[in-house]
Amino acid sequence: MIIIHAEFQINPIKEQAFLEEIRPLVSSSRDEEGNISYDLMKDTERDHVYTMVEVWKDSAAVESHNGSDHFTSFVGRAPEYLTAPLNVKMYDGNKIEK
């Protein structure tokens with residue numbers, strides 16, 4: 001399982017436009033083969049900061065997602081909303097059964 005945290009620091013003036021722009025990305029990504037979850041989280045301690053928390057079945061699913069039209073389209077427009085470079089962290093995770 002691959003877990004990705006992508007942190008967005010958003011220009012406050014463009015925050016509403018960012019939220020509208022990212023909505024189709026979230027919806028389409030959730031429908032992809034190999035996607036387990038895809039959720040945008042608002043930081044509760046820092047204004048205008050969001051983290052996309054993605055969980056994928058494997059690296060092939062991530063590669064497919066990264067080549068998808070909805071992802072590449074969003075990535076091409078994302079810089080206009082950001083006040084800092086996108087901060088992406090990837091983790092290799094396994095579910096722990098209790």
Side-chain angles (χ1 to χ4, degrees):
M1 182 175 356
I2 306 295
I3 302 164
I4 300 173
H5 291 177
E7 183 181 275
F8 300 86
Q9 294 183 37
I10 303 300
N11 178 336
I13 295 169
K14 297 183 176 187
E15 190 166 8
Q16 188 59 41
F18 164 78
L19 293 171
E20 291 171 14
E21 184 81 29
I22 206 164
R23 195 170 289 124
L25 170 67
V26 172
S27 177
S28 295
S29 298
R30 287 177 177 165
D31 291 338
E32 288 184 58
E33 180 80 26
N35 179 259
I36 297 169
S37 65
Y38 204 91
D39 298 297
L40 183 66
M41 307 292 188
K42 184 168 182 14
D43 195 306
T44 59
E45 296 178 4
R46 297 179 294 162
D47 291 336
H48 319 295
V49 176
Y50 295 82
T51 301
M52 186 69 73
V53 179
E54 309 171 32
V55 182
W56 297 94
K57 178 181 174 184
D58 53 29
S59 59
V62 173
E63 288 178 31
S64 177
H65 169 67
N66 288 348
S68 69
D69 288 342
H70 53 270
F71 179 78
T72 57
S73 176
F74 176 79
V75 168
R77 293 186 306 276
E80 70 185 74
Y81 303 109
L82 302 175
T83 58
L86 188 60
N87 181 8
V88 179
K89 296 176 183 167
M90 293 182 70
Y91 305 92
D92 183 14
N94 296 298
K95 184 176 179 182
I96 299 173
E97 299 292 339
K98 290 186 179 185

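What you see is a predicted model; the values in this text were computed from it and never measured.
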| task | Return yes if a side-chain donor-acceptor contact under 3.5 Å exists between E32 and H70, otherwise no. | result | yes

Donor-acceptor contacts, no H, no angles, side chain residues 10-18, under 3.5 Å, sequence neighbours left out:
from	atom 1	to	atom 2	distance (Å)
N11	OD1	I13	N	2.9
K14	NZ	E80	O	3.1
E15	OE1	H48	ND1	2.6
E15	OE2	Y50	OH	2.5
Q16	NE2	E20	OE2	3.4

With hydrophobic residues grouped by side-chain heavy-atom distances under 4.5 Å, do [X] and [Y] end up in a single group?
| X | Y | result |
| --- | --- | --- |
| Y91 | M1 | yes |
| M90 | V53 | no |
| M41 | V26 | no |
| L19 | M52 | yes |
| V62 | I36 | no |

| query | Relative to the ring of H65, is the ring of Y38 parallel (under 30°), tilted (30 to 60°) or perpendicular (over 60°)? | reply | perpendicular

Shortest non-hydrogen contact from [X] to [Y]?
| X | Y | result |
| --- | --- | --- |
| Q9 | V49 | CG-CG2, 4.0 Å |
| S37 | D39 | CB-OD2, 3.8 Å |
| V88 | A6 | CG2-CB, 4.1 Å |
| L25 | F71 | CD1-CA, 3.8 Å |

| message | Donor-acceptor check, side chain of S27 to backbone of R23, threshold 3.5 angstrom: yes or no? | response | no

| Any pair counted as salt bridge (charged side-chain N to carboxylate O under 4.0 Å, His left out), so long as it reaches residues 55-78, sequence neighbours left out | E21-R77

Please round to the nearest 0.5 Å and tell me the distance separating atom [atom1] of [X] and atom [atom2] of [Y].
| X | Y | atom1 | atom2 | value |
| --- | --- | --- | --- | --- |
| E33 | W56 | CD | CH2 | 10.5 Å |
| N94 | I96 | CG | CD1 | 8.5 Å |
| F8 | T51 | CZ | OG1 | 8.5 Å |
| L40 | S29 | CG | OG | 11.5 Å |
| T72 | N66 | OG1 | CG | 9.5 Å |
| S28 | F74 | OG | CZ | 12.5 Å |

| task | Please assess E7 against R46 for the test salt bridge (Lys or Arg N to Asp or Glu O under 4.0 Å), listing each intermediate value before the final yes or no. | result | CA-CA 12 Å; E7 183 181 275; R46 297 179 294 162; 2.8 Å; yes

